[in-house]
Amino acid sequence: MGDVRVDWHDYFMKIAEQVATRSTCDRKHVGAVIVRDKTILSTGYNGSLRGAPHCDDAGHDLENGHCVRTVHAEANAVAQAAKNGVRIDDSEIYVTASPCLTCFKLIANAGVRVVYYKEFYRDERITQYAKQSGVQLIYMGKSS
């Protein structure tokens, strides 16, 4: 009969994993895909400001153990949508690692209603903020 088709959630997460391969900070590669009605609206990966040197080339700018030279994948996906005039209200986002609190607040205020993530990353406060704001957090497991 042939291979079984991958379900939509695995499909979009696999795309987020591929997007993460473009990351320019070797400390962590993260990819994000914003989707509505099974259609990709925007993607993003963690990387430096446009035109600025990459961490992998210029080194890391560390604050409290975090590299602040990069823009996070979720923020880049939102920025890419804004730059191209793409409405992301009532959308979902697939992220290879759960958002930091700052990115969570950004995507929630941009209208993202569901966050699918593979790896939990650092900040438990997003669980509380998600409940308060009506955003769903869905863990998809570490490997696919």
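Keep in mind it's a predicted model, so treat the numbers as computed, not measured. We're numbering straight along the sequence, starting at 1. FYI, side chains are in, hydrogens and waters are out, and symmetry mates aren't considered; it's all heavy atoms of this structure.
Counting all heavy atoms, side chain and backbone alike, I126 lies closest to L137 at O-CD1, 3.7 Å. Smallest separation of non-hydrogen atoms from Y94 and H9: OH-ND1, 2.7 Å. Of all heavy-atom pairs spanning C55 and S48, the tightest one is N-OG, 3.7 Å. Residue A32 comes nearest to I93 through the heavy atom pair CB-CD1, 4.0 Å, listed as atom of the first residue, atom of the second, then distance. Taking every heavy atom of both residues into account, D10 and M140 meet most closely at OD1-CE, 3.6 Å. Shortest non-hydrogen contact noted between G31 and V19 is CA-CG1, 4.2 Å.
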- Query: How far apart are the C-alpha atoms of F104 and S133, what are their side-chain angles, what is the distance that settles it, and do they pass the side-chain contact (heavy atoms from CB on, under 4.5 Å) test?
  - Reply: CA-CA 11 Å; F104 177 82; S133 62; 4.0 Å; yes
- Task: Begin from the C-alpha positions of I15 and I40 and carry the test side-chain contact (heavy atoms from CB on, under 4.5 Å) through to its verdict.
- Result: CA-CA 10 Å; I15 292 171; I40 295 172; 3.7 Å; yes
- Item | N76 vs Y45, side-chain contact (heavy atoms from CB on, under 4.5 Å): CA-CA, chis, key distance, verdict | CA-CA 6 Å; N76 270 327; Y45 53 86; 5.5 Å; no
- Message: Quick one, T21 with H29, criterion side-chain contact (heavy atoms from CB on, under 4.5 Å). Give me CA distance, side-chain angles, the key distance, then yes/no.
- Response: CA-CA 7 Å; T21 67; H29 290 203; 5.8 Å; no
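V86 and V95 fall within a single hydrophobic cluster, where Ile, Leu, Val, Met, Phe, Trp and Tyr side chains are chained together by heavy-atom contacts under 4.5 Å. One hydrophobic cluster, built from ILVMFWY side chains closer than 4.5 Å, holds both I107 and Y129. Cluster annotation: I88 and V30 are assigned to the same hydrophobic cluster (Ile/Leu/Val/Met/Phe/Trp/Tyr, side-chain heavy-atom contacts under 4.5 Å, transitive).
Within 6.0 Å of atom CZ in R113, more than 12 heavy atoms from other residues, nucleotides or ligands are found, so the atom counts as buried in its surroundings. Heavy atoms of other residues, nucleotides or ligands lying less than 6.0 angstrom from CG of D37 number 12 at most.
Remark: side-chain polar atoms of S42 are paired, donor with acceptor, to backbone N or O of A77 under 3.5 angstrom.
The closest side-chain heavy-atom distance from V114 to V135 is not below 4.5 Å.
For the atom pair SG (C100) and CG (L106), the distance works out to 9.0 Å, reported to the nearest 0.5 Å. Taking CZ of R125 as the start and CG of D123 as the end, the distance is 4.0 Å to the nearest 0.5 Å. Atom-to-atom distance recorded for E17:CD and K14:NZ is 6.0 Å, nearest 0.5 angstrom. To the nearest 0.5 Å, the span separating CZ on R36 from CG on L41 amounts to 5.0 Å.
In this view, T24 and H54 satisfy the side chain to side chain donor-acceptor pair (under 3.5 Å) rule, not counting sequence neighbours.
Looking at N46 and S23, their side chains do bring a donor and an acceptor atom within 3.5 Å of each other.
Between E119 and K28 there is a salt bridge, since at least one side-chain N of the basic residue sits less than 4.0 Å from a carboxylate O of the acidic one.
A perpendicular orientation is assigned to the rings of Y11 and W8, their planes being inclined by more than 60° (bins at 30° and 60°). Note on ring orientation: taking the six-membered ring where Trp is involved, the planes of Y117 and Y139 are tilted (angle from 30° to 60°).
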